[in-house]
Amino acid sequence: MDEFMERAVELAADNVRDGGQPFGAVLVKDNNIIAEGVNELHKKYDVSGHAELLAIRRAQEKFQTNDLSGYIMYASGEPCPMCLTSMYFAGIEKIYYCASVDDAVAVGLGKSKDIYADLQKEKTKRKISMKQIPLDEKHVNPMRLWNERT
């Protein structure tokens with residue numbers, strides 16, 4: 001195990017000792033740690049307070065960018081769908097992790113597996129109901145504004 005994964009696992013273990021979940025993340029570029037995070041759900045009561053997302057937020061704020069191309073994420077656990085999607089949006093192309101989603105399920109942390117399975121279903125068969133409400137012509141269309149701006 002390399003030093004970056006060791007750090008992610010160390011952060012996760014410390015977080016468990018602090019009352020949190022076993023997730024730590026380290027964001028690396030050019031062989032340097034740029035940002036770190038642990039799941040802070042137990043401190044902030046924020047479901048988006050995952051280790052990977054916090055590391056991403058800290059790096060983006062530090063460098064005032066949304067583009068993290070060339071960065072590598074090291075995570076103590078396989079990223080959940082929310083974190084993985086954020087990495088896609090940020091341009092992160094490499095992710096290394098230790099514990100799998102199935103390992104998390106085995107210790108009672110199974111939401112990720114359920115969400116991954118639900119996302120593979122057609123929209124109409126998912127647990128969360130989604131319905132599009134199209135704009136009519138009397139309302140400002142933000143997509144059209146964006147297109148005109150660019």
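Worth knowing before you read on, the calculation uses all heavy atoms, side chains too, and leaves out hydrogens, waters and symmetry mates. Worth saying up front: this structure is predicted, and the values here are computed from it rather than measured.
- The list of side chain to side chain donor-acceptor pair (under 3.5 Å) pairs with a residue in residues 128-137, not counting sequence neighbours, reads D136-H139.
- D114 meets the salt bridge (Lys or Arg N to Asp or Glu O under 4.0 Å) test with no other residue; sequence neighbours excluded.
- Pairs of residues two or more places apart, or lying in two chains, never qualify as salt bridge (Lys or Arg N to Asp or Glu O under 4.0 Å) while including a residue from residues 89-101.
- A donor-acceptor pair is defined here as one N or O able to donate and one able to accept, closer than 3.5 Å; such a pair exists between the side chain of Q64 and the backbone of E61.
- Put simply, L53 and L84 are part of two different groups of oily side chains (I, L, V, M, F, W, Y) that touch within less than 4.5 Å, one to the next.
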Can you give the donor-acceptor pairs under 3.5 Å from side chains of residues 142-150 to other protein atoms, not counting sequence neighbours?
unit_1 : atom_1 : unit_2 : atom_2 : d
T150   : OG1    : W146   : O      : 3.2
T150   : OG1    : N147   : O      : 3.3

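- Listed by chain and residue number, nothing satisfies the salt bridge (Lys or Arg N to Asp or Glu O under 4.0 Å) test with D46 (two or more places apart in sequence, or in another chain).
- In this view, D103 satisfies the salt bridge (Lys or Arg N to Asp or Glu O under 4.0 Å) rule with no residue, not counting sequence neighbours.
- A search for side chain to side chain contact (heavy atoms under 4.5 Å, CB included) contacts involving K125 returns K121, E122, not counting sequence neighbours.
- In this view, F89 satisfies the ring-ring contact (aromatic ring centres under 6.0 Å, His included) rule with no residue, not counting sequence neighbours.
- Within the structure, every pair that satisfies the ring-ring contact (aromatic ring centres under 6.0 Å, His included) test and touches residues 43-84, not counting sequence neighbours, is listed here: F4-Y74, Y74-Y96.
- Applying the salt bridge (Lys or Arg N to Asp or Glu O under 4.0 Å) rule to D67 yields no partners; only residues at least two apart in sequence or on another chain are considered.
- P22 places none of its side-chain heavy atoms less than 4.5 Å from the side chain of S76.
- Residues C80 and I115 form no side-chain contact, since every pair of their non-hydrogen atoms from C-beta on lies 4.5 Å or further apart.
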Output side-chain donor-acceptor pairs under 3.5 Å for residues 24-42, partner residues at least two apart or in another chain, one line each.
unit_1 : atom_1 : unit_2 : atom_2 : d
N32    : ND2    : D30    : O      : 3.1
E36    : OE1    : R7     : NH2    : 3.0
E36    : OE2    : R7     : NE     : 2.8
N39    : OD1    : A51    : N      : 2.8
N39    : ND2    : Q21    : OE1    : 3.0
E40    : OE2    : R58    : NH2    : 3.3

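- Nearest heavy atoms, S48 versus R57: OG-NH2, 2.9 Å.
- Contact between A55 and M73 at its shortest, heavy atoms only, is CB-CE, 4.5 Å.
- Side-chain atoms of S86 and E52, non-hydrogen and from C-beta on, never get closer than 4.5 Å to each other.
- Taking the side chain as every heavy atom from C-beta outward, I95 and P79 approach each other to under 4.5 Å.
- Looking at heavy atoms from C-beta onward, F23 lies in side-chain contact with L109 at the 4.5 angstrom threshold.
- The CD atom of Q120 sits 10.0 Å away from atom CZ of R126, with the distance rounded to the nearest 0.5 Å.
- With sequence neighbours excluded, no residue forms a side-chain hydrogen bond (donor to acceptor under 3.5 Å, both in side chains) with K111.
- Y88 and I56 fall within the same hydrophobic cluster, where Ile, Leu, Val, Met, Phe, Trp and Tyr residues are linked whenever their side-chain heavy atoms come under 4.5 Å apart, directly or through other members.
- The hydrophobic cluster containing I72 also contains L11, counting ILVMFWY residues as joined when their side-chain heavy atoms lie under 4.5 angstrom apart, directly or transitively.
- Residues Y116 and V101 are in side-chain contact: their nearest non-hydrogen atoms beyond the backbone lie under 4.5 Å apart.
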